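To keep things clear, I will list the structure first and then write my remarks on it.
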Amino acid sequence: MKIEALGLIEIKGYLGAIAAADAALKTADVTLLNAEVIKGGQTTIQLTGDVAAVKVAVDSASAVAESLNCLISSHVIPRMAEDTAKMVMKSVAERKEKLQPNKVEEISEAPVKEDVKVKEVEPKTENPKETTKEVKKEEPKNEKKGSETKKQKATKKKPNKK
């Protein structure tokens, strides 16, 4: 892969890095080579492509990062030397190797047959003595003997006084 130009943008924080990379990729015909997260919250975005396109993309990304107050620095390397390109590509290849899990051979998808036996269970019947309860209604007890209830008083006839 021949790299004509390399654009580097150092940004403080991951949010700024995402916003800057988005702006760069939308502005010009460039390729995002890597977004390297460094300790301390720094992220370096690496862009490749035509010299003019990389310059425009880096300027656009720098403007977005500066508006978010997270731009550290930016630089464009036009017509990069072969040894420098090898160094950059080696670090990208190592990063991709770390991110990809070990390849596992694909397992053929053979249908799995399971023998399932259904056992019928009869519902338990409850003890009828426990379920039916008789409730006896108790008559209210009068506290005093000889006291009459309101109903009894109403039905009682008053004697005539002469």
Side-chain angles (χ1 to χ4, degrees), residues 1-138 140-141:
M1 172 187 217
K2 185 178 178 192
I3 300 174
E4 292 185 31
L6 176 68
L8 301 168
I9 309 154
E10 284 190 339
I11 296 174
K12 198 176 5 175
Y14 194 67
L15 172 72
I18 296 294
D22 183 54
L25 294 171
K26 287 179 179 176
T27 303
D29 186 24
V30 293
T31 304
L32 178 64
L33 190 61
N34 194 5
E36 187 175 347
V37 179
I38 304 167
K39 289 182 181 177
Q42 277 187 319
T43 304
T44 302
I45 298 173
Q46 300 172 2
L47 305 167
T48 60
D50 184 28
V51 177
V54 171
K55 282 184 179 181
V56 170
V58 168
D59 288 342
S60 175
S62 297
V64 169
E66 196 170 333
S67 72
L68 293 172
N69 198 24
C70 58
L71 177 67
I72 297 172
S73 65
S74 63
H75 186 67
V76 176
I77 303 173
R79 296 183 310 277
M80 193 170 22
E82 283 186 39
D83 291 337
T84 308
K86 286 179 185 176
M87 180 183 73
V88 170
M89 293 309 291
K90 182 180 176 185
S91 72
V92 170
E94 287 173 356
R95 176 167 165 72
K96 284 184 179 178
E97 201 172 282
K98 284 181 183 178
L99 293 177
Q100 290 180 350
N102 296 336
K103 290 186 178 180
V104 180
E105 292 181 24
E106 290 185 25
I107 300 172
S108 62
E109 293 184 24
V112 178
K113 293 182 180 179
E114 293 183 21
D115 291 331
V116 179
K117 293 181 181 178
V118 179
K119 184 178 177 182
E120 291 186 24
V121 179
E122 292 183 24
K124 291 183 178 180
T125 56
E126 296 179 8
N127 189 347
K129 290 181 182 176
E130 291 178 0
T131 56
T132 55
K133 293 181 181 178
E134 290 183 24
V135 178
K136 291 184 179 179
K137 196 171 186 180
E138 293 183 15
K141 295 180 181 176

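Keep in mind it's a predicted model, so treat the numbers as computed, not measured.
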What closest approach, in Å, do [X] and [Y] show between heavy atoms, and which atom pair accounts for it?
{"X": "V51", "Y": "R79", "value": "CG2-N, 4.3 Å"}
{"X": "A20", "Y": "V64", "value": "N-CG1, 4.2 Å"}
{"X": "A23", "Y": "S60", "value": "O-OG, 3.7 Å"}
{"X": "V54", "Y": "G49", "value": "CG2-N, 3.5 Å"}

I'd like to know if the side chain of S62 reaches the main chain of V58, judged simply by a donor and an acceptor atom lying under 3.5 Å from each other, with no hydrogens or angles considered. yes
Considering residues at least two apart in sequence or located in another chain, which fulfil the side chain to side chain donor-acceptor pair (under 3.5 Å) criterion with D59? none
Can you sort out the partners of S73 under side chain to side chain donor-acceptor pair (under 3.5 Å), two or more places apart, ordered by chain and number? E10
Got a second to check how far [X]'s [atom1] is from [Y]'s [atom2], nearest 0.5 Å?
{"X": "K12", "Y": "L68", "atom1": "NZ", "atom2": "CG", "result": "11.5 Å"}
{"X": "Q46", "Y": "T31", "atom1": "CD", "atom2": "OG1", "result": "12.5 Å"}
{"X": "I11", "Y": "T43", "atom1": "CD1", "atom2": "OG1", "result": "7.5 Å"}

For L25 and V30, run side chain to side chain contact (heavy atoms under 4.5 Å, CB included): C-alpha distance rounded to whole Å, both residues' side-chain angles, the deciding distance at 0.1 Å, then the answer. CA-CA 6 Å; L25 294 171; V30 293; 3.9 Å; yes
More than 12 heavy atoms of other residues, nucleotides or ligands under 6.0 Å from CG of D29: is that the case? no
Heavy-atom count check: over 12 atoms from other residues, nucleotides or ligands less than 6.0 Å from L15 CG? no
Show the numbers, then the answer: is there a side chain to side chain contact (heavy atoms under 4.5 Å, CB included) between L71 and I9? CA-CA 8 Å; L71 177 67; I9 309 154; 4.0 Å; yes
Among L32, L8, L33, N34, side-chain contact (heavy atoms from CB on, under 4.5 Å) partner for I45: L32
